[in-house]
Amino acid sequence: MSQTVDRALSILPLLAEGPADLGQVADRLDVHKSTALRLLRTLHEHGLVYRQSDQRYRLGARLFALAQEAVENLDVREIAHPHLVRLNENIGHTVHLAVHEDGEVLYIDKVDSRYPVRMYSRIGKPVAITVAAVAKLLLADLPDPERRAFTEKLDYPMYTPRSTPSASAFLRELDKVKEQGWATDLGGHEESINCVAAPIRGTDGRVVAAMSVSAPNVVVTADELLTLLPLVRRTAEAISAEYSGKTPTKEPNT
């Protein structure tokens, strides 16, 4: 298996030099044409290579999309992190950054609360997609047909009595989030945890990430957390401006 993966990956640098036919690929890998064809077909199925009308192969659009997505996600985390740290120092609560990737919403950064009560979220871990505030923002930004199709494929576990019960209810919530430009999770995943979130937008205005502030209700009530929403939104706007290459704004404060 490892040899097969190694051979398949070795095709990509060859095609980066320009289109190549089956014989050239087989020669570079020092394998039979049937083996090279099998590897190329697998890469083609995943969109990593593309077969042209002249039967030569070139790098596929999916590879460029993956590379662009990786760069954007890395950049947004790097740009956002200092802002998240400053916000955390200012208010003391847990701050998250999340992105939508391959059908999941994942945390890509986290700054822990200064309080003894900690959240068990982890970087790289998927969020509870039907209730998390960051997920609502990222999914609300999808085109309408894609958003509807996506929500219809989800399961709707009732983590708490406040969890989203169905696709129709989730679509109504996403419509509301899209219109107002922010989102909450008030006990939808864990009854004792509340969260407010704001979107981070790219140069085209689309949501590229979402940031949130979360706190247990033993530290602050839901109403008290909601008073921080303007600050959270200003922080997200500052990150968006920097990410988009606009003139930096003054760092938000309370």
Side-chain angles (χ1 to χ4, degrees), residues 1-22 24-26 28-29 31 35-81 84 96-110 121-127 129 132 134-151 153-154 199-211 236 239-240 242-245:
M1 178 62 73
S2 61
Q3 185 182 49
T4 301
V5 173
D6 182 69
R7 285 173 171 170
L9 293 177
S10 296
I11 293 173
L12 301 179
L14 168 62
L15 299 186
E17 300 171 7
D21 61 26
L22 179 60
Q24 291 172 305
V25 173
R28 174 68 68 89
L29 299 180
V31 297
T35 300
L37 181 59
R38 185 170 64 252
L39 295 171
L40 285 164
R41 282 176 174 170
T42 299
L43 292 172
H44 183 269
E45 288 172 1
H46 289 276
L48 301 181
V49 305
Y50 177 78
R51 188 174 66 177
Q52 302 177 159
S53 58
D54 62 2
Q55 305 306 308
R56 293 190 300 165
Y57 293 84
R58 61 172 171 80
L59 294 179
R62 176 64 175 157
L63 186 63
F64 296 106
L66 287 171
Q68 181 65 26
E69 186 176 354
V71 168
E72 288 177 355
N73 290 343
L74 177 63
D75 284 350
V76 73
R77 182 186 183 279
E78 182 179 356
I79 290 169
H81 185 73
L84 305 184
H96 287 108
L97 182 69
V99 296
H100 183 206
E101 189 173 286
D102 295 331
E104 293 183 316
V105 174
L106 306 169
Y107 290 126
I108 60 170
D109 203 0
K110 176 185 180 183
S121 54
R122 296 194 306 272
I123 295 174
K125 181 180 179 182
V127 309
I129 199 166
V134 288
K136 293 173 186 177
L137 284 164
L138 290 159
L139 299 181
D141 195 58
L142 295 175
D144 288 346
E146 186 178 347
R147 182 167 71 243
R148 184 171 296 275
F150 187 86
T151 57
K153 293 187 293 184
L154 295 174
I200 295 167
R201 301 181 185 275
T203 54
D204 59 358
R206 300 299 302 273
V207 177
V208 297
M211 60 161 294
I239 297 170
S240 299
E242 187 172 344
Y243 179 79
S244 301

Contact summary for Pro19 and Arg58, nearest pair of heavy atoms: CG-CB, 4.3 Å
Approximate separation, where rounding is to 0.5 Å, of Leu40 CG and Leu15 CG: 7.0 Å
Side chain to side chain donor-acceptor pair (under 3.5 Å) partners for Ser121, two or more places apart: His96, Lys110
Side chain to side chain, Thr42 and Thr4, heavy atoms closer than 4.5 Å: no
Closest contact, heavy atoms only, Val208 versus Val99: O-CG1, 3.7 Å
Step-by-step side chain to side chain contact (heavy atoms under 4.5 Å, CB included) determination, Leu39 to Val25: CA-CA 10 Å; Leu39 295 171; Val25 173; over 6 Å; no
Worked verdict on Leu84 versus Ile239 for side chain to side chain contact (heavy atoms under 4.5 Å, CB included): CA-CA 9 Å; Leu84 305 184; Ile239 297 170; 4.1 Å; yes
Arg51, CZ: over 12 other non-hydrogen atoms inside 6.0 angstrom: no
Straight-line distance of Asp6 CG to Ile11 CD1, nearest 0.5 Å: 10.5 Å
Derivation of the side chain to side chain contact (heavy atoms under 4.5 Å, CB included) call for Leu12 and Leu9: CA-CA 6 Å; Leu12 301 179; Leu9 293 177; 4.3 Å; yes
Nearest-0.5 Å distance, CD of residue Glu101 to CD1 of residue Ile108: 8.5 Å
Validation row: Asp141, Arg201 side chains within 4.5 angstrom (heavy atoms): yes
Beyond-backbone contact of Ile200 with Ile79, side-chain heavy atoms, under 4.5 angstrom: no
Minimal non-hydrogen separation, Leu29 against Ser10, with atom names: CD2-CB, 3.6 Å
Pairwise side-chain contact, Leu66 with Leu48, heavy-atom cut-off 4.5 Å (strictly under): yes
Nearest atoms (heavy-atom pairs only) where Gly202 meets Ser244: C-OG, 3.3 Å
From Arg41 atom CZ to Glu45 atom CD, the distance as rounded to the nearest 0.5 Å: 9.0 Å
Shortest non-hydrogen contact between Val76 and Ala209, atoms and distance: CG2-CB, 4.1 Å
Min side-chain heavy-atom separation Leu139-His100 under 4.5 Å: yes
Electrostatic pair Arg56:Asp54 at N-O distance under 4.0 angstrom: yes
Listed partners of Tyr50 passing ring pair (Phe, Tyr, Trp, His ring centres under 6.0 Å), at least two apart: none
Heavy-atom closest pair, residues Tyr107 and Val127: CZ-CG1, 3.4 Å
Test side chain to side chain contact (heavy atoms under 4.5 Å, CB included) applied to Gln24 and Asp21, step by step: CA-CA 5 Å; Gln24 291 172 305; Asp21 61 26; 3.2 Å; yes
Close side-chain approach of Ile129 and Leu154, heavy atoms under 4.5 Å: yes
